[in-house]
Amino acid sequence: MVLRKIIGLLISPFPSLMLLACLGGILFFYRAYRRKDLVLIYLPQLLLILCGYSGVANLITGGLEHSYPPIVSSNNLEKVEWIVVLGGGNRAADNAPAVGQATSSTLARITEALRLKVLFPEAKLLLSGGATSSDTTEAATMREIAHELGFKGEMVLEEKSQNTESQAMESEHYLGGKKFLLVTSGYHMKRAMALFQKIGLNPIAAPTELYFTKSAYLHGLNSIPSSHFLWLTEIGIKEYVGFYWAVITGRI
C-alpha cells in the first residue's frame with residue numbers, strides 16, 4: 001500500500017515536476033553555471049502550466065469520460081437486475097453526517113445510483129467498497145447517504161474490497177451472468193468496465209461525475225491554467241497508468 005502511494009506521487013504532475021525543478025535549482029546552485037541546469041528548472045514549470053490548461057485536461061481526462069455516454073433514460077435499455085455502485089473514498093469526520101464524510105466521487109456515485117433506481121425500480125442496489133482511509137467502509141457510508149437523502153429501500157453491501165479489481169471479484173457472486181448498471185466516475189469507467197468484463201461479468205456503463213463536455217470547455221476563464229484543471233489532468237494520468245498497468249500484468 002505504501003509503495004503504491006509513493007508511485008502515485010511520482011507519476012503525479014505537481015510533485016514530480018516540482019521535484020525535478022528543485023533538482024535543477026540544487027545543481028545550478030552547487031556547481032558552475034550550466035545551461036542544462038536552467039532547463040531542469042524552467043521546463044518542469046512550463047509543463048506544470050500546460051497540465052493546468054483546460055485543453056490538456058480535456059484531452060487526457062475528458063478523453064476517458066467520452067468513452068461511455070451517461071444514461072439519461074431507461075429507453076432502449078435491456079432489463080437490468082442490479083445497480084452496482086463503486087465507492088470512491090470516504091474520510092472520518094466526527095459529528096458530521098455521512099454526506100460530509102464522503103469524497104465528491106462517492107457522493108456523485110451514490111446520488112447517480114439513486115437516480116437510476118427511479119428509472120429502474122426493479123433493480124437491486126449493490127454498494128461496493130471496503131474500509132480504506134476510514135474505519136467505516138465506503139459501502140456503509142454510501143448506505144447512510146442514501147438514508148439521509150430519504151431512500152428507504154433495500155441495499156446490499158459489499159465491504160471487503162480495497163480497489164477496483166477486488167470490487168469486481170467480490171461482487172461476482174451477486175451478479176453472475178446478469179445484466180447490471182455499473183456506476184462510477186466517468187474518468188474511472190474505462191478501467192472499471194474492463195476489470196468487470198475480464199472476469200466474465202456483463203456491466204452496462206452508467207458514468208457520473210463528468211467534468212468535461214464535448215464543447216465550450218475552452219471559453220472564458222476555462223482557458224486560463226488553474227489548479228482545478230491540474231487536478232483533473234493528474235486524475236487522468238493516474239487512470240491511464242492504472243489501466244495500462246493492468247493490461248501489462250494481464251488483469252485486463
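All values derive from a computational prediction rather than experimental measurement.
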For the [atom1] atom of [X] and the [atom2] atom of [Y], what is their distance to the nearest 0.5 Å?
X: F196; Y: R191; atom1: CZ; atom2: CZ; answer: 11.5 Å
X: L201; Y: L182; atom1: CG; atom2: CG; answer: 9.5 Å
X: L64; Y: L232; atom1: CG; atom2: CG; answer: 11.0 Å

Axial cation check for F151 ring with K117, 6.0 Å and 45° limits: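 Ring-cation test returns no.
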Side-chain ion pair, R115 and E112, N-O less than 4.0 Å: yes
Test: E122 and K79 ion pair at under 4.0 Å: no
Quick one: does any side-chain atom of [X] pair with a main-chain N or O of [Y] as donor and acceptor, under 3.5 Å?
X: E65; Y: F212; value: yes
X: K160; Y: G130; value: no
X: T137; Y: A140; value: yes
X: T106; Y: N90; value: no
X: Q167; Y: S128; value: yes

Evaluation steps, side chain to side chain contact (heavy atoms under 4.5 Å, CB included), between E154 and K124: CA-CA 7 Å; E154 181 183 357; K124 292 174 285 188; 5.7 Å; no
Within one Ile-Leu-Val-Met-Phe-Trp-Tyr cluster: V247 and I199, side-chain cutoff 4.5 Å: no
From CA spacing to verdict: side chain to side chain contact (heavy atoms under 4.5 Å, CB included), T132, N163: CA-CA 9 Å; T132 53; N163 53 44; over 6 Å; no
Donor on one side chain, acceptor on other, E209 and S105, under 3.5 Å: yes
